[in-house]
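What follows is one structure encoded as structure tokens, with my remarks underneath.
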Amino acid sequence: MAKKILLLPGDGIGPEIVAQAEKVLLFLIRKGKLHVELEHGLIGGSAVDETGFPLPSETVKKAKQSTAILMGSVGGPKWDSIDRPLRPERGLLAIRAELGLFANLRPAFLFSELAKASTLNREVVAGLDLMIVRELTGGIYFGNPRGIRELDDGQREGFNTLVYNEKEIKRIAKVAFETASKRNGRLCSVDKANVLEATELWREVIEKMKKDYPAVELQHMYVDNAAMQLVRKPKQFDVIVTTNMFGDILSDLASMLTGSIGMLPSASLAHDGKGMYEPAHGSAPDIAGKDIANPLATILSLSMLLRYSLFEEELADKLEKSVANVLESGLRTQDINSDGMKCIGTNEMGDAVVNNYSTLVS
Ligand code: IPM
Ligand code: MG
């Protein structure tokens with residue numbers, strides 16, 4: 001039976017950018033390079049509009065039957081004030097939990113053609129290539145109790161719980177140690193062990209695992225220092241492993257080192273090999289439907305999908321090469337545009353990548 005890939009375009013620019021990655025998939029299927037079936041599903045605000053829920057049960061069913069999922073983005077001002085459980089972001093959190101997608105890989109690398117796009121000095125970021133391994137189904141995002149309650153004196157109080165057990169820490173640390181082993185062998189675990197007990201345990205558990213990975217050099221860093229070091233000297237890092245919330249924040253920070261969040265992919269992986277792939281950026285409702293969004297992060301997310309869920313290393317390498325080639329040829333979407341380059345739209349960028357890819361994949 002052919003493997004299934006589920007496409008979840010979502011909201012805002014989601015549909016236009018996923019459509020570009022879909023062109024790449026259709027090309028591979030047409031060429032006989034990939035034997036997969038494509039399915040489509042609803043998530044986020046557009047799912048709320050059609051079904052009343054941000055993660056309809058139909059989508060969960062399709063997702064469970066798929067080998068991999070390619071998602072666009074969710075959310076937008078239209079749904080900001082609806083009931084909390086129905087907000088688009090809840091759909092995203094729910095699919096992560098439903099599928100057990102506990103390991104979130106967020107690379108930050110700089111395409112040399114885009115060195116000028118960074119707000120940092122060229123020498124600080126040139127050659128930057130780091131990987132953030134973010135825990136994705138635990139921590140303060142999912143801890144109970146949580147809520148907003150009324151106190152005796154009539155004022156309200158919001159509360160969340162930061163909780164990590166040893167099993168959760170070990171499984172994410174294992175992914176991080178293994179990722180570091182395959183890269184440059186340097187792992188930095190980021191916590192706030194001086195203040196938060198949950199991350200005191202985090203540090204202790206990860207430190208104990210070090211002996212199983214003698215080739216990996218492990219370092220621990222407090223999150224405030226890590227934020228500072230990422231801006232000061234980002235190339236000191238190879239792999240960073242951290243909690244759900246710290247990873248959320250640091251990955252946005254790291255993405256900007258590369259000049260454009262519009263370039264960065266991500267993978268969220270489960271134990272059973274299932275993966276969901278999505279660009280690191282959001283739904284950008286202000287530019288939705290204008291054919292100006294950058295589809296490259298989504299196309300690069302597809303490349304991660306080919307690598308991690310379909311084990312098509314060569315097709316993945318070539319797709320990344322095509323993105324680099326297109327940038328080298330001077331084509332840019334507006335978010336990464338600079339003097340002397342040719343600014344094109346979302347669709348044209350998708351076509352340019354497919355055209356180049358077709359010369360590499362024969
Ligand atoms: C991300 C996003 C999500 C998160 C939101 C949309 C729920 O910021 O994937 O980083 O906080 O995890
Ligand atoms: Mg985020």
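Atoms within each ligand, like the ligands themselves, are counted from 1 in listed order.
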Phe159 six-ring centre to Arg149 NZ/CZ under 6.0 Å and within 45° of normal: yes
Can Ser189 and Trp202 be counted as having a side-chain donor-acceptor contact under 3.5 angstrom? yes
Could you label the plane-to-plane angle of the Tyr213 and Phe177 rings as parallel, tilted or perpendicular, counting under 30° as parallel and over 60° as perpendicular? parallel
Assess whether atom CG of Asp152 is packed by more than 12 heavy atoms of other residues, nucleotides or ligands within 6.0 Å. no
If the plane angle is over 60° it's perpendicular, under 30° parallel, otherwise tilted; pick one for Tyr277 and Tyr308. parallel
Check each of Asn104, Leu105, Leu136 against Ser266 using the side-chain contact (heavy atoms from CB on, under 4.5 Å) test, and report the only one that passes. Asn104
Report the protein N/O/S neighbours of the Mg ion (ligand 2) that fall below 2.8 Å; do not count waters. Asp248 OD1
Between ligand 1 and the protein, which N/O pairs are shorter than 3.5 Å?
{"residue": "ligand 1", "atom": "8 (O)", "partner": "Asp248", "partner atom": "OD1", "Å": "3.2"}
{"residue": "ligand 1", "atom": "9 (O)", "partner": "Arg96", "partner atom": "NH2", "Å": "2.7"}
{"residue": "ligand 1", "atom": "9 (O)", "partner": "Arg106", "partner atom": "NH2", "Å": "2.8"}
{"residue": "ligand 1", "atom": "10 (O)", "partner": "Arg106", "partner atom": "NH1", "Å": "3.0"}
{"residue": "ligand 1", "atom": "10 (O)", "partner": "Arg106", "partner atom": "NH2", "Å": "3.1"}
{"residue": "ligand 1", "atom": "10 (O)", "partner": "Arg134", "partner atom": "NH1", "Å": "3.2"}
{"residue": "ligand 1", "atom": "10 (O)", "partner": "Asp248", "partner atom": "OD1", "Å": "2.8"}
{"residue": "ligand 1", "atom": "11 (O)", "partner": "Tyr141", "partner atom": "OH", "Å": "2.6"}
{"residue": "ligand 1", "atom": "11 (O)", "partner": "Asp248", "partner atom": "OD1", "Å": "3.4"}
{"residue": "ligand 1", "atom": "12 (O)", "partner": "Arg96", "partner atom": "NH1", "Å": "2.7"}
{"residue": "ligand 1", "atom": "12 (O)", "partner": "Arg134", "partner atom": "NH1", "Å": "3.3"}
{"residue": "ligand 1", "atom": "12 (O)", "partner": "Arg134", "partner atom": "NH2", "Å": "2.8"}

How close do Ile82 and Trp79 get, heavy atom to heavy atom, and via which atoms? CG1-O, 3.2 Å
Has Arg307 got a side-chain atom pairing as donor or acceptor with Leu302's backbone, closer than 3.5 angstrom? no
Do Arg171 and Tyr164 meet the cation-pi criteria used here (NZ or CZ under 6.0 Å from the six-membered ring centre, within 45° of the axis)? no
